[in-house]
Amino acid sequence: MSQMPFYVSPEQLMKDRADFARKGIARGRSVVVLAYDNGIAFVAENPSRALHKVSEIYDRIGFAAVGKYNEFENLRVAGIRYADLRGYSYDRGDVTARGLANAYAQTLGAVFTQESKPHEVEIAVAEVGAGPDGDQIYRLTYDGSVTDVRGFLAMGGAAEAIDAGLKESFRDGMPLADALALAVRLLAADPAGGEPRALGPGSLEVAVLDRTRVRRTFRRITGELLMALLNPSDPTQDAPADDPAAGPHDPAPGETHADASGVSPRHTSTNPQTQRHAEEHPTSDGK
Amino acid sequence: MTAADAGRLAAPFRAPGSASFTEFLGQHAPDLLPGRRALPPRPVEAPHGTTIVALTYAGGLVMAGDRRATMGNLIANRDMEKVFAADEFSVVGIAGTAGLAIELVKLFQVELEHYEKIEGTLMSLEGKANRLATMIRSNLGMAMQGLAVVPMFGGVDLDTGAGRIFSYDVTGGCYEEHDHHSIGSGSMFARGSLKKLWHPAADAEAAVSVAVEALFDAADDDSATGGPDVQRRIWPTVAVVDAEGVRFADDTAIAAVVDAVLARRLGNPGGAR
């Protein structure tokens, strides 16, 4: 390689990189993260059943991303490794979204300045608290900036229009059905002002961090439950706490396992000696 | 590890490919892996866990363990837990050196959950049993110094809905056991008891009763196995696994089972029937 022929100012270099990353992100479909009365919901427009934009990181922490799949998938896996390592060396309670957001920020920032091309991704990290006041949502951009947002955020191609819509219509303590309806309405709207597109359960990826669940609070909402929640004339307003079809984890793409009970067999702690709390598991021996 | 915690996620965090937490630890923090530590120069005396029993019934399995840990002729712990949920559909019971066994279970639990989160699907039951075998094999050096860990693994195969039991040896050999099995110092007596009490048509409730009675028989003849402690209300840990998942029987239910076994054996200490 020959020497660089021209001088490029640092300002120009950073601006070019930022423009490049922004263009990449703007091509993708959008994701909305918003709080509801019993937790935090992630709603993504994603026709794929196998390639997720939304994922579980840890007991109370979820992840959503837009942009280049290979780049955010790499960050998702790194986040799971970070969280599992933290929880393994200390305790499950010591894994926080704030720590993870910082690690992501450092990583994205280093990639932005040091590598030949910045990541074309935008990430949301959310942690559900014991009550709505404890909920945390962080937004991380391609250059490593972190913003701590309250209530809602939108990322991706139509983020600005969706954000404006959320500012207008979002209110605290909405039931899940209302929150999903709002998110889907805004995702379906045409930013150019045309007819809104039809977004059915097949082209949506929906998951929640449900604070009423024990230990692993993340669950995907798919199939009939999603249809019921999106149908305004259906009385379903929230994901049932212990329905037999609810998986406590994130099984096969898009589907909750038919046999999962939704109840965690162990208490939230890393040490196996302190995981069983008889008083918290009142189910008896097969009666 | 601490350097990565403070700043950028280091290269092993971002290495593509592996869904195994153990492999990740091996690259990033090998000192956290039980198998990578320097061996003690001479055999060490440490608390040992004792008897675990497991038996299948139609639609699932029951695994139960006594609560005693011993060190030589002393009781090191009266209310230790030795049966754990490995994930939502499987359980693991431990016998041998308690400290190493608990660390192994802790790592195994994270291993299964880590795989589940990264792959987005549950590991197969055989896959889980094989992962555990690999972990035990890495502990062989410790086993040679008298710090052996021998777990028993059981779970429901979600493809068939049947309960399956896997046993191990110190070299990491993994064997599937049929109907029932027991490990630990009192296993000889528990096995005899299980052989006579197990019945293919038993339901979960009957299986729990058989497990408690087999532990009672083990405690009757093995000083390292703790019987039900009526004064302190310390009962065996009993886990029931079926297609719905793992659940632990609560103390009042086990107290009732223990009372029934004791009543049956009053004046008939061998439990002959």
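Chain identifiers are assigned alphabetically (A, B, ...) following the order of the sequence lines, protein sequences preceding nucleic acid strands; residue numbering begins at 1 within each chain.
The 12-atom threshold is not exceeded at CZ of A:Arg98, counting heavy atoms of other residues, nucleotides or ligands nearer than 6.0 Å.
Two residues are said to be in side-chain contact when any heavy atoms from C-beta on lie closer than 4.5 Å; A:Arg216 and B:Glu113 meet this criterion.
Not a single donor-acceptor pair under 3.5 Å links the side chain of B:Arg14 to the backbone N or O of A:Val77.
Looking at A:Ile57, only its backbone comes within 4.5 Å of chain B, counting heavy atoms on both sides.
Contact between B:Leu32 and A:Tyr88 at its shortest, heavy atoms only, is O-OH, 3.8 Å. Nearest heavy-atom pair across B:Phe13 and A:Leu85 is CZ-CD2, 3.9 Å.
Note that CD of B:Glu103 and CG of A:Asn271 are 11.0 Å apart. Values are rounded to the nearest 0.5 Å. Once rounded to the nearest 0.5 Å, the distance linking CG of A:Asp84 with CD of B:Gln109 reads 11.5 Å. Rounded to the nearest 0.5 angstrom, B:Lys117 NZ and A:Arg81 CZ are separated by 12.5 Å.
With respect to chain A, the highest number of heavy-atom pairs below 4.5 Å among B:Ser18, B:Gly161, B:Ala207, B:Pro16 belongs to B:Ser18. For chain A, the option among B:Val156, B:Val91, B:Ile102, B:Val62 with the highest count of heavy-atom pairs below 4.5 Å is B:Ile102. Between chain A and the residues B:Leu25, B:Thr252, B:Asp203, B:Leu107, the most heavy-atom pairs under 4.5 angstrom are made by B:Leu107.
Residues of residues 108-124 of chain A placed with any heavy atom under 4.5 Å of a heavy atom in chain B are listed by number as A:Ala110, A:Val111, A:Gln114, A:Glu115, A:His119.
B:Ser138 pairs by the side-chain contact (heavy atoms from CB on, under 4.5 Å) definition with nothing, not counting sequence neighbours.
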